[in-house]
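Since the structure comes first, as structure tokens, the remarks are kept for the end.
Small disclaimer: the values here were computed from a predicted structure and weren't measured. The chains referred to below are lettered A, B, ... by the order of the sequence lines, with proteins before strands, and numbering in each begins at 1.
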Amino acid sequence: MNGHMDKFLPRPTPESAPFWQGCQDHKLLLQYCTACDTHQFYPRTICATCMSDQLEWREASGRGTVESYTIVTRAVSDAYAADVPYVIALITLAEGPRMMSNVIGCDVESVKCGLAVEVVFERWSAEITMPKFRPFADQIAG
Amino acid sequence: MDSLRGKVAIVGAADTPVGKLPQFSPTGLCIDAARRVMADANITKDKIDGLITCNSMAEPYMYHAEAMAEYLQIFPRYCMSVGAGGSTTFSILHHAAAAIVSGMCTTVLITMADSLRSGLTRDQAMKMQSSAGHSQFEIPFGPTVPAFYALIARAHMDKYGTTAEQFAAIAVACRKHACLNPTAEMRTPITIDDVMNSRMIADPLHLLDCSLVSDGGSAIIMTSADRVADFPHDPVYILGVGEGHGHEHISQAQSLTTSFAVESGRRAFAMAGLKPSDMDFAQLYDCFTPTVLVELEDLGFCKIGEGGAFVENGNIELGGMLPVNTHGGLLSHCHPGNPGSMFALTETVTQLRGMAGARQVKGAEVAMVHGQGGIMSSHTSVILGRERH
Ligand SMILES: [Zn+2]
């Protein structure tokens, strides 16, 4: 865990705090607008589709598809150097929204556009757990 | 105002030296660019009543334009600093044109400089590297600036079959032009193989797919079209301008492969009453090679998805169908950050004055310049021409 402390840790805001608490609890939470039946990410005080404030937090399936990716071979800072080579990916969640994350738990060369992935959680500090993704495997429980 | 078409002209354009210039502060470069452009336009500083700058990363001020006015001891009635990343230059030009047409001022100095090569502390460099993403939902995962653009490149390859060699052809074209430009930083010819064999930075982008990190400054002077006779050089008129703003963070983009350059280009062409095939050349923002390919598609120089084929076979080189980045671009001329596309603007003025020497586009009458900032986020397209109509 100490290896993550010098990374760029997210600082939760009032609108994002429930998301980060969800990660602490190993749940991927998305905002859902009950006025227009739309999921959204990142967290906002309003629904960016219809401007309603009728938002509730719902646990997402945690599954998605890699829309694009890159393999970083020159780390952004020393704190990330031990992770090289690492995959930065844009993942389209089953519920619709897109999010950036890392694809871990596999050979970086095996990542492709269209790869099915599922969320896994990586604890970085007492307050922050990061949502990451690994190739989806039916046989893995949960 | 219904249109800016033909109402404003660029009457001065000048660059400082570029490259590694530790003997200059960013402020020194900004002022040097201003001094040079006043000489080019043959005017004294008291004739300038508008000033627009962008802040320097290496030597930031709270109110940068005010600081530059104070340094120069000029007292403009229109004074502002703009920050829109790589789109800054042309967004500024848009604001300046509107300020002149609306009567807020008559003669605007736009001067921009930075020292990203020599002037950044390690902390500033780190901050710059990590400032492009969302602080909670992107940056923690460790994306580098090249990685953001690699995501666009990979998406384009996956969707349209574009190849890394096609991205490389853009770097080769820019380098070919830089070799004809005595002020360019990189003047050794390269091949597609050289690009493909250069170090991988963020797959599929190699080192030579990435732009330079430079010191340098550049400036222009703009005034209303009815004043151009007061200046020594042929004026270059603004025929069309358009902006498009799609997102700030790439993970929020509506599309990874098609940007709001579609909107900026459509608006600029509509104002000018011209179409892509009317352009004699184009200067397209090239912080990384994929941006040029996407911009060629989005601005309408080729169909969506066909940018890969368009950049092959010397088509975007001098002598080809659409010469792109005739000075060498950010890839091979210089890239001092936000001021980077100023050099594309001054090069366009030089070309339209017919003074570009060995790299002159023969008979050049009209051209497009395009800047994008963020990660294909903010876009401004400008059409410039020798004739007012
Ligand atoms: Zn809604």
Side-chain angles (χ1 to χ4, degrees), chain A residues 4 7-13 15-17 19-20 23 40-44 48 66-92 97-104 108-109 111-115 122 124-125 128 130-133, chain B residues 122-123 125-162 164 167 198-207 209-210 247-257 288 290 294 375-376:
Chain A
H4 302 298
K7 290 182 174 174
F8 302 111
L9 265 64
R11 290 200 298 184
T13 58
E15 51 264 61
S16 71
F19 173 84
W20 291 112
C23 290
Q40 75 176 2
F41 184 79
Y42 46 81
R44 295 162 162 94
V66 172
E67 185 178 353
S68 191
Y69 70 96
T70 178
I71 303 166
V72 177
T73 44
R74 190 175 163 197
V76 67
S77 78
D78 293 347
Y80 292 80
D83 298 339
V84 166
Y86 57 90
V87 173
I88 299 284
L90 290 170
I91 292 155
T92 306
R98 185 201 288 135
M99 66 185 290
M100 183 175 285
S101 186
N102 303 121
V103 177
I104 60 173
V108 295
E109 298 289 343
V111 176
K112 297 284 176 266
C113 295
L115 179 71
E122 188 175 283
W124 277 16
S125 75
I128 293 295
M130 297 298 294
K132 299 205 170 183
F133 288 79
Chain B
R122 193 176 155 78
D123 279 353
M126 170 89 79
K127 196 171 171 191
M128 195 181 76
Q129 176 73 243
S130 62
S131 62
H134 195 289
S135 62
Q136 292 183 67
F137 301 112
E138 294 182 345
I139 288 172
F141 298 103
T144 57
V145 175
F148 284 116
Y149 287 95
L151 291 168
I152 291 163
R154 177 61 64 188
H156 206 279
M157 293 165 83
D158 182 64
K159 189 165 183 182
Y160 299 115
T162 309
F167 294 129
S198 65
R199 187 160 54 97
M200 190 69 91
I201 300 294
D203 180 67
L205 299 182
H206 299 80
L207 180 66
D209 287 301
C210 306
H247 58 268
E248 165 72 4
H249 306 104
I250 188 61
S251 56
Q252 295 282 317
Q254 288 187 1
S255 163
L256 298 181
T257 51
F288 297 90
V294 171
I375 312 297
M376 300 304 281

Tell me, for [X] versus chain A, whether the close heavy atoms (under 4.5 Å) come from the side chain, the backbone, both or neither.
{"X": "B/Ala153", "result": "neither"}
{"X": "B/His134", "result": "side chain"}
{"X": "B/Ile250", "result": "both"}

Taking atom [atom1] of [X] and atom [atom2] of [Y], what is their separation to the nearest 0.5 Å?
{"X": "A/Glu109", "Y": "B/Asp203", "atom1": "CD", "atom2": "CG", "value": "7.0 Å"}
{"X": "B/Ile152", "Y": "A/Thr70", "atom1": "CD1", "atom2": "OG1", "value": "11.0 Å"}
{"X": "A/Tyr42", "Y": "B/His249", "atom1": "OH", "atom2": "NE2", "value": "6.5 Å"}
{"X": "A/Leu90", "Y": "B/Arg154", "atom1": "CG", "atom2": "CZ", "value": "13.0 Å"}
{"X": "B/Met157", "Y": "A/Cys113", "atom1": "CE", "atom2": "SG", "value": "9.0 Å"}

Which atom pair, heavy atoms only, marks the closest approach of [X] to [Y]?
{"X": "B/Gln254", "Y": "A/Arg98", "value": "O-NH2, 4.1 Å"}
{"X": "B/Ala147", "Y": "A/Val72", "value": "CB-CG2, 3.8 Å"}
{"X": "B/Leu256", "Y": "A/Ser68", "value": "CD1-CB, 3.9 Å"}
{"X": "B/Phe141", "Y": "A/Ser101", "value": "CE2-OG, 3.5 Å"}
{"X": "A/Met100", "Y": "B/Leu151", "value": "CE-CD1, 3.8 Å"}

Contact origin within [X] toward chain B - heavy atom pairs under 4.5 Å:
{"X": "A/Pro85", "answer": "neither"}
{"X": "A/Ala75", "answer": "backbone"}
{"X": "A/Phe41", "answer": "both"}
{"X": "A/Arg11", "answer": "backbone"}
{"X": "A/Tyr80", "answer": "side chain"}

Using the six-membered ring wherever Trp is involved, compare the ring planes of A/Trp20 and B/Phe137 and label them parallel, tilted or perpendicular (cut-offs 30° and 60°).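 Geometry flag for B/Phe137 against A/Trp20: parallel rings.
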Please identify, among A/Leu9, A/Val108, A/Thr13, A/Asp83, the residue contributing the most non-hydrogen atom pairs under 4.5 Å to chain B.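 Counting heavy-atom pairs under 4.5 Å, the top option is A/Thr13.
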Top contributor to chain B interface from A/Lys132, A/Lys7, A/Met130 [non-hydrogen pairs under 4.5 Å]: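 Highest number of heavy-atom pairs under 4.5 Å: A/Met130.
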Among the listed options B/Ala150, B/Ser251, B/Pro140, the residue most often paired with chain A at heavy-atom distances under 4.5 Å: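 Option with the top pair count is B/Pro140.
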Quick check: do A/Thr73 and B/Arg199 have side-chain heavy atoms less than 4.5 Å from each other?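 A side-chain contact under 4.5 Å is absent here.
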